[in-house]
Amino acid sequence: MMMMMMMKMKMADVSVRRLLLLCVFCALSVSLCSGACAEVDSDTEAVAGQSFKLGCISCKKRGEVEATATVDWMFRARGEAEFAHIYSYDGEVASIIDERFLDRVEWHGSKNTLDLQDASVDLLNVTFNDSGVYRCVFNRVLTYGHYDHTDIASKEVHLTVVAKATRGTASIVSEVMMYVSIIGLQLWLLVEMIYCYRKIAAAGEEALRASAAEYLAIASESKDNCAGVQVAE
């Protein structure tokens, strides 16, 4: 009987540890999943003669749905009325279409996948003539069980080319808010882990107390039975 009670107590302790590990794993999984894709706006100020990343992110709304996407970049220079097609990428092959950007555009987005969500590109050796509006267009095909659905999304970047880098108030505020968000997320995760640990620990202690009470009851009953047997003899 003693061995059985010891085994029950060990099993309860193992269960508590497993539940704690599961809680930590779930909390980390939620944190990672929620940060898998974020539609961050691109910077809008480039320095002449340097490289610049034209950011463009379009997150797929349902991650479990298979999809493929192609991306087209368009450009409208200052003083021009129409957009010109300058670049395209289908997940495997990139094409620079506009001669003004030959050897000056490199893919910086999603890699090793046809399900493109980050369509950022690097603009090399920036010139003042690169100022204007850039538009990236996602042509995404979502594959469901019996049909395909086409979804088109676009974003624009209003680029200004300057001779020397400047840092505006908006940039500083954005950076501060980013760090505040990161710290807040970490604190939230810590609180969640502590809460889960306390709750699981309390449940484990309750299970151990119940096991101990059951053991004492069985021991008391066994003692009474032994006493009864001795009186009968």
Side-chain angles (χ1 to χ4, degrees), residues 32-61 63 67-140 151-185:
L32 291 174
C33 290
S34 63
C37 181
E39 296 189 5
V40 181
D41 291 335
S42 173
D43 289 335
T44 58
E45 185 178 273
V47 179
Q50 298 184 10
S51 299
F52 178 77
K53 178 183 175 183
L54 284 167
C56 179
I57 300 176
S58 175
C59 297
K60 188 172 61 178
K61 303 306 179 184
T68 59
T70 59
V71 174
D72 293 293
W73 275 94
M74 321 292 287
F75 173 60
R76 187 182 67 197
R78 289 182 177 176
E80 295 182 359
E82 301 294 333
F83 280 91
H85 190 189
I86 64 172
Y87 181 86
S88 64
Y89 184 71
D90 63 2
E92 295 179 341
V93 179
S95 300
I96 299 176
I97 300 168
D98 195 306
E99 294 182 355
R100 292 173 293 179
F101 295 91
L102 286 178
D103 300 324
R104 294 204 303 123
V105 179
E106 292 182 354
W107 181 255
H108 195 105
S110 303
K111 300 182 186 302
N112 302 320
T113 179
L114 298 179
D115 186 5
L116 305 176
Q117 298 187 67
D118 184 352
S120 302
V121 295
D122 287 330
L123 185 59
L124 309 179
N125 192 22
V126 174
T127 69
F128 290 103
N129 292 330
D130 294 331
S131 295
V133 181
Y134 292 82
R135 176 185 294 168
C136 72
V137 180
F138 284 85
N139 190 331
R140 179 175 288 127
D151 180 57
I152 297 178
S154 64
K155 293 180 178 293
E156 291 187 354
V157 179
H158 295 258
L159 181 64
T160 300
V161 179
V162 297
K164 185 178 180 180
T166 59
R167 192 178 185 192
T169 303
S171 175
I172 298 174
V173 172
S174 297
E175 185 173 346
V176 171
M177 291 302 297
M178 179 187 67
Y179 286 115
V180 169
S181 300
I182 292 174
I183 294 173
L185 180 61

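No experiment lies behind these values; they were computed from the predicted model shown.
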Flag the pair [X] / [Y] as yes when at least one side-chain heavy-atom distance between them is below 4.5 Å, and no otherwise.
| X | Y | result |
| --- | --- | --- |
| V133 | M74 | no |
| F52 | L159 | yes |
| I183 | V180 | no |
| T70 | S88 | no |
| V105 | W73 | no |
| D98 | H85 | no |

Problem - Partner set under side-chain contact (heavy atoms from CB on, under 4.5 Å) for E92, not counting sequence neighbours - result: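 E92: side-chain contact (heavy atoms from CB on, under 4.5 Å) contacts with D90, L114.
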
Exercise for the section: Tell me yes or no: between the side chains of N129 and T127, is some donor less than 3.5 Å from an acceptor? Expected result: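 Judged by distance alone, the side chains do not pair up.
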
Mind checking the [atom1]-[atom2] spacing from [X] to [Y]? Nearest 0.5 Å is all I need.
| X | Y | atom1 | atom2 | result |
| --- | --- | --- | --- | --- |
| D118 | S58 | CG | OG | 10.5 Å |
| D115 | T68 | CG | OG1 | 8.0 Å |
| Y89 | C136 | OH | SG | 14.5 Å |
| N139 | I152 | CG | CD1 | 5.0 Å |
| Y87 | D72 | OH | CG | 10.5 Å |
| K60 | L116 | NZ | CG | 10.5 Å |

Polar side-chain atom of [X] near backbone of [Y] as donor-acceptor pair, under 3.5 Å:
| X | Y | answer |
| --- | --- | --- |
| S95 | I97 | no |
| S42 | G55 | yes |
| S120 | H108 | no |
| R104 | N125 | yes |

Problem - Within residues 151-162 or reaching into it, pairs that qualify as side-chain hydrogen bond (donor to acceptor under 3.5 Å, both in side chains) - sequence neighbours excluded - result: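 Only E39-K155, R78-T160, R135-E156 qualify under side-chain hydrogen bond (donor to acceptor under 3.5 Å, both in side chains).
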
Problem - Nearest heavy-atom neighbours spanning W107 and V71 - result: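 Scanning both residues completely, I find the closest heavy atoms to be CH2-CG2, 4.3 Å.
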
Handout entry: Over all atoms of both residues, closest heavy-atom pair of A67 and R140
Key =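 What the structure gives for the nearest pair is CB-CG, 4.1 Å.
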
Exercise for the section: Report the residues that fulfil ring-ring contact (aromatic ring centres under 6.0 Å, His included) with F75, sequence neighbours left out, ordered by chain and then residue number. Expected result: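 Result, ring-ring contact (aromatic ring centres under 6.0 Å, His included) vs F75: F101, Y134.
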
